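Input: a single structure, listed below in structure tokens.
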Amino acid sequence: MLSNIRIVLVQTFHPGNIGATARAMKTMGLSELLLVNPRAFPDDEATRMAAGATDVLENARCVSSLEEAVSDCVQVVGASARLRSLPLPHFDEPDDMAQQVIENAAQAPAALVFGRERSGLTNDEIRCCTHQVSIPANPEYGILNLSQAVQILAYEVHRAWRKRDDSHFMYQRPLEATPPSREQFVHFQEHLGRLMQQSGFLTQPHARTEEQLQALFSRAQPSRKELSLLRGLLSAFEAHLPGQ
Ligand code: SAH
């Protein structure tokens, strides 16, 4: 279950933070580290800060986009100190997040995503997420060091894992009742976007209509079965477009 939970760091500037993240992860039983375009990796400073967790560093994978890092995940939780205007489901309490992630990770990969030291995650990157989480902190200064934010969320995940009710996990949800992977969800969004264009529904290019509807479907958190019903609905509409 813990091996299904990956930590994703986006464009980390200081390699020391990557090493400290590896250590934070290993202390909490996590081992899957993905790095999206790190500035410097591998790096001596990362190795030094990892202390006894160099195995986590050695197994870390580098990828070139966040989308690539999470496409097979059924839950993608973006950690951010500040609330953005994006209307994604938000966990105000990390323990609520951890419980849900542990449940999902019983069946499929899930990810916790952390942003750059200086600028956090971009809005486009947050759009790759299914949820957001914030660590409640001092309202006057609530921004943690990157690896310390990883430590706190990894601790919560480990705690939820220790306290899990195994009888609950004996019952495996049927696959169709599980959340779709990000890749399946992105295909749905692309299909919806195409149909909105082709049907003439989108008349004002800058009205953010597409974004708002996509946010609605993100919030609804459809299961695989429900998503495939929606895909079927879109295809049926598509067949009635002029020229099809
Ligand atoms: N100046 C940046 C802060 C980046 S800190 C910003 O305003 O977004 C680096 C990363 O650590 C963040 O992107 C986030 O993933 C994590 N982080 C730091 N403080 C956090 C908090 N209070 N809650 C959740 N994540 C936090």
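Since the model is a prediction, treat every value here as computed from it, not as a measurement. In each ligand, atom 1 is the first atom listed, and ligand 1 is the first ligand listed.
The pair D43-R48 fails the salt-bridge criterion, with no side-chain N (NZ, NE, NH1 or NH2) lying under 4.0 Å from an Asp/Glu carboxylate O. Looking at E238 and R231, no side-chain N of the basic residue comes within less than 4.0 Å of a carboxylate O on the acidic one, giving no salt bridge.
By the 4.0 Å heavy-atom criterion, Q148 is excluded from the residues contacting ligand 1. For the ligand labelled ligand 1, residue S134 lies inside the 4.0 Å heavy-atom shell.
Applying the salt bridge (charged side-chain N to carboxylate O under 4.0 Å, His left out) rule to E183 yields no partners; only residues at least two apart in sequence or on another chain are considered.
With contacts defined as side-chain heavy-atom distances shorter than 4.5 Å, the pair R6/P109 qualifies.
At least one N/O-N/O distance between G115 and ligand 1 falls below 3.5 Å.
Residues T122 and D124 have side chains that never bring a donor and an acceptor to within less than 3.5 angstrom of each other. Checked by atom type, the side-chain pair Q132/S80 shows a donor-acceptor distance below 3.5 Å.
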Q.
Under the criterion side-chain contact (heavy atoms from CB on, under 4.5 Å), I'd like the reasoning laid out for S134 against H90: C-alpha separation, chi angles, the key distance, then a yes or no.
A. CA-CA 8 Å; S134 302; H90 186 272; 3.0 Å; yes
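Remark: ligand 1 atoms within the under-4.0 Å shell around heavy atoms of F114 are 15 (O). Numbered from 1 in the order shown, with element, the atoms of ligand 1 that lie under 4.0 Å from a heavy atom of A79 read 13 (O), 14 (C), 15 (O), 25 (N). The contact set between ligand 1 and I143, taken as ligand atoms under 4.0 Å from a residue heavy atom, comprises 3 (C), 5 (S), 7 (O), 19 (N).
For atom 22 (N) of ligand 1, the nearest non-hydrogen atom from the set A137, G142, A149 belongs to G142. Closest to atom 5 (S) of ligand 1 by heavy atom, among L144, L146, L153, is L144.
Under 4.0 Å from ligand 1, the heavy atoms of S80 that appear belong solely to its backbone.
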